[in-house]
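Written out below as structure tokens is the structure these notes cover.
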Protein chains: 2
Amino acid sequence: MSKRADITIDDVAEAAGVSRQTVSRVINRGPHVKPLVRDRVQKAIDSLGYVPNLSARRMAGSRSYLILAINDRKRTIENWAAGRGNDWVDQMLFGGMTECERQGYHLLFELIDTETEPALRQLANVSGALRPDGVILTPPHSDNAALCAWLTERSIPFARIGHRDGSHSVDVFMDEAGAAYEATRGLIALRHSRIAYIAGAPNYGASAQRIAGYEQAPEGGGSRPRDVDGGDRRVQFSGGGRDY
Amino acid sequence: MSKRADITIDDVAEAAGVSRQTVSRVINRGPHVKPLVRDRVQKAIDSLGYVPNLSARRMAGSRSYLILAINDRKRTIENWAAGRGNDWVDQMLFGGMTECERQGYHLLFELIDTETEPALRQLANVSGALRPDGVILTPPHSDNAALCAWLTERSIPFARIGHRDGSHSVDVFMDEAGAAYEATRGLIALRHSRIAYIAGAPNYGASAQRIAGYEQAPEGGGSRPRDVDGGDRRVQFSGGGRDY
DNA sequence: CTGTTAGCGCGTTCAA
DNA sequence: TTGAACGCGCTAACAG
């Protein structure tokens, strides 16, 4: 590992006695490189401690090797301020960063506002500045049609967490309705009949799905879930239903 | 905000009827731009939705607008896997990201191993690829002389969390010894005399500082803290003392 | 005060 | 199978 911090592809090429392009092919696992030459180049890379400059790579029309993870600012900060972990956010860091690293990628977290207008502007800014190869949308942004449309228009690949049936996205989700159904069913099986439901924020797609599951709980062994008040306000949104 | 994703500085220059360099000056708050021209350029930037490409900026010898936050892989992953938050890591996200955003910067988290050898290699890799303008070292890496030397040699500015007296770094720390001292003193004031101390991992600089504070607790009202066993093993490192 | 020139490090044409 | 030339978008010198 050399002391010099600015070892370029040309230095490697010279050391290995090949052209710059050949080194590039080795780096990018390109074909058309004789194994012998490949080894020689690889050896030069290792001994020089060469690391490709990501900025230059992107400039040359290649990938940025950056994945942008979008999180809701308010929600995230509230959790942090409260000193409690960020549920799946931590899990995402856990798995996402590890996988990114394995692929030579870097995961970049950014906080954006909940409201569509500023969120859109902020997304445009980070996206424009960083030019990520892909974006990960977490709730509630994963359910935001405007953001998804924006990304789709620009052909920026994106994944949505906690959302399903996205036409232009990779969706990572679970059976929210089924889980709520099972949970309710379990309570009914225990002879409970007055079952209230405290729902998540309405701008979370999962909230509606869970409510649906809850409401479809079987009438079999027990009765259908009813409001604790006996009225029809079985479902109560948390936080007043809007201001999450 | 235009639909086109690839609006460059030249587009803005043309729209504003100035040269590319003038636009650059406006972006970088450079001097020597007439207020009138500045406004015209700014208006063009806004209407076109222009966002400077960070990669290009760095390529041109400017800053990368990236700050690298280094965390210990094992420790971080253990916390995540256990479902518990990452104490000050979350706090850092909280404050660090916010401040970065305010300055037009981006905070990038990376996990590296505890052992110096791989840590050094990994730091060289991310640093070489991303070319951050600065690095934040968290414990135990903030106490790792090799990493700090590496950064110093390359003139990469870095901050150390939980470390003090770094000659080439910005240090963010608290009075560890004083806190331990006060804690011990408090117990003594409560008439306790058999006070054991469970220390943090030895590769954390804070551990030694805290032990020092504990050991300097006053003999006044009570006796000096003694080992629960009556022997001289007053201090016991957690996790066996090595394998944190 | 503003415009012009010359690269940054790399991938992507092409040609050999 | 390899090499040479060009340009990405931007800033840093220099000119005017």
Side-chain angles (χ1 to χ4, degrees), chain A residues 2 4-42 44-45 48-66 104 125 127-133, chain B residues 2 4-42 44-45 48-66 104 125 127-133:
Chain A
S2 165
R4 281 175 48 67
D6 52 344
I7 295 176
T8 77
I9 195 173
D10 287 314
D11 296 325
V12 177
E14 189 180 356
V18 299
S19 84
R20 177 205 309 175
Q21 181 49 24
T22 301
V23 178
S24 177
R25 288 204 184 85
V26 173
I27 295 170
N28 301 308
R29 299 155 175 269
H32 309 311
V33 181
K34 237 184 301 193
L36 208 80
V37 179
R38 166 183 292 284
D39 285 352
R40 191 148 42 91
V41 171
Q42 188 58 52
I45 290 177
L48 262 51
Y50 167 68
V51 179
N53 183 321
L54 274 198
S55 296
R57 291 229 291 191
R58 230 215 53 78
M59 281 306 293
S62 173
R63 296 181 278 183
S64 67
Y65 293 93
L66 251 39
N125 283 334
S127 176
L130 267 14
R131 304 294 167 108
D133 293 336
Chain B
S2 165
R4 282 176 44 69
D6 52 345
I7 295 176
T8 78
I9 193 172
D10 287 315
D11 296 325
V12 177
E14 188 180 357
V18 298
S19 85
R20 179 202 310 174
Q21 181 54 15
T22 300
V23 178
S24 178
R25 288 204 184 87
V26 173
I27 295 170
N28 301 308
R29 300 154 173 270
H32 311 310
V33 181
K34 232 186 305 191
L36 209 81
V37 180
R38 166 182 291 286
D39 285 353
R40 190 148 43 91
V41 171
Q42 188 58 53
I45 289 177
L48 262 51
Y50 166 68
V51 178
N53 183 321
L54 274 198
S55 296
R57 267 166 52 127
R58 228 214 56 76
M59 282 304 294
S62 173
R63 296 182 280 183
S64 67
Y65 293 93
L66 250 39
N125 282 334
S127 176
L130 268 14
R131 305 294 167 107
D133 292 337

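Please read all numbers here as calculations on a predicted model, not as lab measurements. To find a chain, count down the sequence lines: A is the first, B the second, and so on, and within it residues start at 1.
Counting any heavy atom pair closer than 4.0 Å across all strands shown, R20(B) reaches a base atom.
The phosphate of dC10(D) has neither OP1 nor OP2 within less than 4.0 Å of any side-chain N or O from S62(B). The side chain of R57(A) contributes no N or O atom lying less than 4.0 Å from OP1 or OP2 of dC10(C). Phosphate proximity of dC10(D) to Y50(B): present, with a side-chain N or O under 4.0 Å from OP1 or OP2. Phosphate proximity of dG11(C) to N28(A): present, with a side-chain N or O under 4.0 Å from OP1 or OP2. Regarding contacts with the backbone of dG3(C), a side-chain N or O of T22(B) is found under 4.0 angstrom from either OP1 or OP2.
Remark: the backbone N or O of G128(A) is paired with a side-chain donor or acceptor of R131(A) at under 3.5 angstrom. Looking only at distances, a side-chain donor or acceptor of R40(B) sits under 3.5 Å from a matching main-chain atom of A16(B). Although no hydrogens or angles enter the test, the distance criterion places no donor-acceptor pair under 3.5 Å between the side chain of D39(B) and the main chain of L36(B).
Checked against dT2(C), dC10(D), dG9(C), the side chain of A56(A) finds its nearest nucleotide in dG9(C). Taking only side-chain atoms of V18(B), from C-beta outward, the nucleotide of dG3(C), dT2(D), dC8(C) with the closest atom is dG3(C).
Between D11(B) atom CG and dG9(D) atom P the separation is 9 Å, expressed in whole Å. The separation between I7(B) atom CD1 and dC10(D) atom C1' is 16 Å, rounded to whole Å. Between the P atom of dC8(D) and the CG atom of D6(B) lies a distance of 11 Å, rounded to the nearest Å. For H32(B) and dC14(D), the NE2 to C1' distance is 13 Å, given to the nearest whole Å. Rounded to a whole Å, the CG atom of D10(A) is 13 Å from the C1' atom of dG3(D). Taking atom CG of residue L130(A) and atom P of nucleotide dG9(D), one finds them 17 Å apart after rounding to whole Å. Atom-to-atom, CD of E14(B) to P of dG9(D) comes out at 14 Å; the value is rounded to the nearest Å. Per the geometry, NZ belonging to K34(B) stands 10 Å off P belonging to dG3(C), to the nearest Å.
The residue among M59(B) and R25(B) whose nearest nucleotide of DNA chain C lies closer to the 5′ end is R25(B). Along DNA chain C, the nucleotide nearest G61(A) and the nucleotide nearest S55(A) are compared for position; the residue whose nucleotide lies closer to the 5' end is S55(A). Projected onto DNA chain D by closest heavy-atom contact, S19(A) and Q21(B) fall at different nucleotides, the more 5' of which corresponds to S19(A).
The minimum heavy-atom distance linking I7(B) with Y50(B) is given by the pair O-CD1, 3.3 Å. Across all their heavy atoms, L130(B) and L66(B) have their closest contact at O-CD2, 4.0 Å.
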